[in-house]
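What you are looking at is a predicted structure, and each value in this text was computed from that prediction instead of being measured. To find a chain, count down the sequence lines: A is the first, B the second, and so on, and within it residues start at 1.
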There are 2 protein chains.
Amino acid sequence: MTVQGDRRKFRREGADQRKEALVRATLGLIAEEGVRGATVRAIAERAEVTQGLIRHYFSTKEDLVLAAYTQHMDALTEQTFAKAEGATPRARLAALVVASVTPPVADAGSVALWAGFLTQVRQDARMQEVHARSYHGFRDRLEALIAEVLAQDGRAADSRDCRPLAIACNAVIDGLWLEGGALPDAFQEGELAAIAVQSVGAILGMNLTGTEAQE
Amino acid sequence: MTVQGDRRKFRREGADQRKEALVRATLGLIAEEGVRGATVRAIAERAEVTQGLIRHYFSTKEDLVLAAYTQHMDALTEQTFAKAEGATPRARLAALVVASVTPPVADAGSVALWAGFLTQVRQDARMQEVHARSYHGFRDRLEALIAEVLAQDGRAADSRDCRPLAIACNAVIDGLWLEGGALPDAFQEGELAAIAVQSVGAILGMNLTGTEAQE
DNA sequence: CGCGTAATTATACGCTTGCATAATTAACCT
DNA sequence: AGGTTAATTATGCAAGCGTATAATTACGCG
């Protein structure tokens, strides 16, 4: 004769699915409510489990946040480069630039997420590592693409020349990404994309406008 | 016969001085420990008062944070433009660009502060207002300076042309400011400044290099 | 000099937080 | 089938949070 209170029914799930659900819940909460809103209880509720389960999969909340940060940054880079398609290197670069300042990569939630994590990046060595890896990962791929574009034009394309260009292009992209996400109403539809393509073209000394649609 | 416990001695101060001390303590804590570390108790301790006094000057902690944010952003803009001196508009622009990506404007604390506040910007209408005012304040002054520079070269300088240029230049500056602050060890001394001057020059279609030292 | 009052301290309350631990139960194994 | 065990829930705890309120005290003013 069991007491049979109104104890909650549940299904057992694989560790990976549960972890991912918890990570998703964490990201959603930080994006919408800020780091402050991402409490253990709120995360559990959004993932439709009870709070104790979090401890079963992540030995501490810090670990969960680290996992969430890693996934978010990886997804951001991947999402951006996935759209960098085209016949010519120049077209791929233009497409990449446009994708960087256009939803879903550039939106208020992504920026809020990024900013929310930055605080913890300064205090947690593991977070710092993910941050550095993510930044360099993006920039190195950007530098490689820039090198391709320059080579196509018969211009010097070794790293000494390309590195500062990549840093500069990355900065414009980041700046516009940030401002678009933090102040969405300050710009017209497509305005940021046009400015981004124009500016990256200027920095590289070539005309990139229109190339994202070519071929 | 007073009980005379070891009650803390204190000095009375003007409202302005106390408010400013509390604001300074708040900014310092957010920069160093993150928003999480800026508790009422920690702020009071750093300002060398007891926590009750905060409520005497700010009716809520939110108000204190708003005051701190306002002061920080205003100081940042002011600090930057204060260094934008020079005989020619071109020299002033170059100096402004360099100052934007050089300490004390660009440093880890300032960036951390900015990121820490961004969360609250999305949730508090008053914070949002300060954010928008601060961004546009900086960009409008930048646009005016760009217009001067273009006019000197005999180029068109109305707002339709200058606005996108100002947005783009602002973005490079912000991007480099951000990356320098968030990842200080990834760049060499002066590297960001050189890239910034180079890139802004490219965007505006002119050579800005070296002008910050001229005259 | 002593009185009044605003500035400051002291204390406490109710809530939320992250984390620990014990009780339960769904699903797999033979 | 039924026992085993890992996944999940339920409950509790100590610490820290922002805020409220009452008790003190420094200081200007007559």
Side-chain angles (χ1 to χ4, degrees), chain A residues 1-23 25-26 29-30 33-69 116 119-120 123-124 127, chain B residues 1-23 25-26 29-30 33-69 116 119-120 123-124 127:
Chain A
M1 189 152 71
T2 41
V3 180
Q4 183 61 24
D6 43 359
R7 194 184 179 92
R8 173 178 184 148
K9 300 289 187 240
F10 62 91
R11 273 188 38 232
R12 291 188 170 196
E13 299 259 2
D16 289 344
Q17 294 177 58
R18 274 280 136 86
K19 281 189 180 182
E20 207 213 289
L22 289 171
V23 163
T26 305
L29 274 168
I30 297 183
E33 319 275 351
V35 181
R36 203 182 197 96
T39 70
V40 170
R41 284 165 178 83
I43 293 168
E45 185 181 8
R46 186 181 261 234
E48 294 183 313
V49 296
T50 54
Q51 50 166 318
L53 196 63
I54 291 185
R55 270 281 287 180
H56 192 256
Y57 287 113
F58 298 92
S59 65
T60 180
K61 189 192 171 187
E62 225 174 25
D63 285 7
L64 170 55
V65 170
L66 178 68
Y69 181 52
T119 295
Q120 329 219 358
Q123 291 164 341
D124 185 336
M127 295 279 284
Chain B
M1 190 152 73
T2 41
V3 178
Q4 182 63 24
D6 43 0
R7 193 183 180 92
R8 171 179 186 149
K9 300 288 187 245
F10 61 92
R11 272 188 42 232
R12 292 189 169 195
E13 298 258 2
D16 289 344
Q17 293 178 61
R18 273 280 136 87
K19 281 191 181 183
E20 207 213 290
L22 289 171
V23 163
T26 306
L29 275 169
I30 297 182
E33 317 276 350
V35 180
R36 203 182 195 97
T39 70
V40 169
R41 285 166 178 81
I43 293 168
E45 186 180 7
R46 186 181 262 235
E48 296 183 310
V49 295
T50 53
Q51 49 167 319
L53 197 62
I54 291 185
R55 273 282 288 183
H56 192 257
Y57 287 113
F58 298 93
S59 66
T60 179
K61 190 193 172 186
E62 226 176 23
D63 284 7
L64 170 56
V65 171
L66 178 68
Y69 181 52
T119 296
Q120 329 219 0
Q123 292 164 342
D124 185 334
M127 296 277 285

Report the distance from atom [atom1] of [X] to atom [atom2] of [Y], rounding to the nearest 0.5 Å.
{"X": "Leu22(B)", "Y": "His56(B)", "atom1": "CG", "atom2": "NE2", "answer": "12.0 Å"}
{"X": "Tyr57(A)", "Y": "Glu13(A)", "atom1": "OH", "atom2": "CD", "answer": "8.0 Å"}
{"X": "Asp63(B)", "Y": "Lys19(B)", "atom1": "CG", "atom2": "NZ", "answer": "9.5 Å"}
{"X": "Arg18(A)", "Y": "Arg11(A)", "atom1": "CZ", "atom2": "CZ", "answer": "7.5 Å"}
{"X": "Gln120(A)", "Y": "Arg36(B)", "atom1": "CD", "atom2": "CZ", "answer": "7.0 Å"}
{"X": "Thr50(B)", "Y": "Glu45(B)", "atom1": "OG1", "atom2": "CD", "answer": "11.5 Å"}

Residue pair [X] / [Y], side-chain heavy-atom distance below 4.5 Å:
{"X": "Gln123(A)", "Y": "Glu33(B)", "result": "yes"}
{"X": "Lys61(A)", "Y": "Ile54(A)", "result": "no"}
{"X": "Ile30(B)", "Y": "Thr26(B)", "result": "yes"}

Separation of atom [atom1] in [X] from atom [atom2] in [N], rounded to whole Å:
{"X": "Asp63(A)", "N": "dG18(C)", "atom1": "CG", "atom2": "P", "answer": "14 Å"}
{"X": "Gln17(B)", "N": "dA6(C)", "atom1": "CD", "atom2": "C1'", "answer": "16 Å"}
{"X": "Glu33(B)", "N": "dG16(D)", "atom1": "CD", "atom2": "C1'", "answer": "15 Å"}
{"X": "Glu45(A)", "N": "dG18(C)", "atom1": "CD", "atom2": "P", "answer": "14 Å"}
{"X": "Phe58(B)", "N": "dT19(D)", "atom1": "CZ", "atom2": "P", "answer": "13 Å"}
{"X": "Leu64(A)", "N": "dC19(C)", "atom1": "CG", "atom2": "C1'", "answer": "14 Å"}

Item to check | Any Thr60(A) side-chain nitrogen or oxygen under 4.0 Å from OP1 or OP2 of dG18(C) | outcome: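 Looking at the OP1 and OP2 atoms of dG18(C), neither is under 4.0 Å from any side-chain N or O of Thr60(A).
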Protein-nucleotides 28-30 of chain C N/O pairs closer than 3.5 Å?
none

Nearest heavy-atom contact between Met127(A) and Tyr69(A) is O-CE2, 3.7 Å
Correct closest heavy-atom pair for Gly37(B) and Ala42(B) would be O-CB, 3.6 Å
So which protein N/O to nucleotides 8-11 of chain C N/O distances come out below 3.5 Å?
residue: dT8(C); atom: OP1; partner: Arg11(B); partner atom: O; Å: 3.2
residue: dT8(C); atom: OP1; partner: Glu13(B); partner atom: N; Å: 2.7
residue: dT8(C); atom: OP1; partner: Arg18(B); partner atom: NH1; Å: 2.4
residue: dT8(C); atom: OP2; partner: Tyr57(B); partner atom: OH; Å: 2.5
residue: dT8(C); atom: O5'; partner: Arg18(B); partner atom: NH1; Å: 3.4
residue: dT9(C); atom: OP1; partner: Arg8(B); partner atom: NE; Å: 3.4
residue: dT9(C); atom: OP2; partner: Thr50(B); partner atom: N; Å: 3.0
residue: dT9(C); atom: OP2; partner: Thr50(B); partner atom: OG1; Å: 2.8
residue: dT9(C); atom: O5'; partner: Thr50(B); partner atom: OG1; Å: 3.2
residue: dT9(C); atom: O2; partner: Arg7(B); partner atom: NH2; Å: 2.7
residue: dA10(C); atom: OP1; partner: Arg8(B); partner atom: N; Å: 2.9

**Prompt:** Which residues, if any, of residues 36-44 of chain B bring a heavy atom under 4.0 Å of DNA chain D?
**Reply:**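 Thr39(B), Val40(B), Arg41(B), in order of number.
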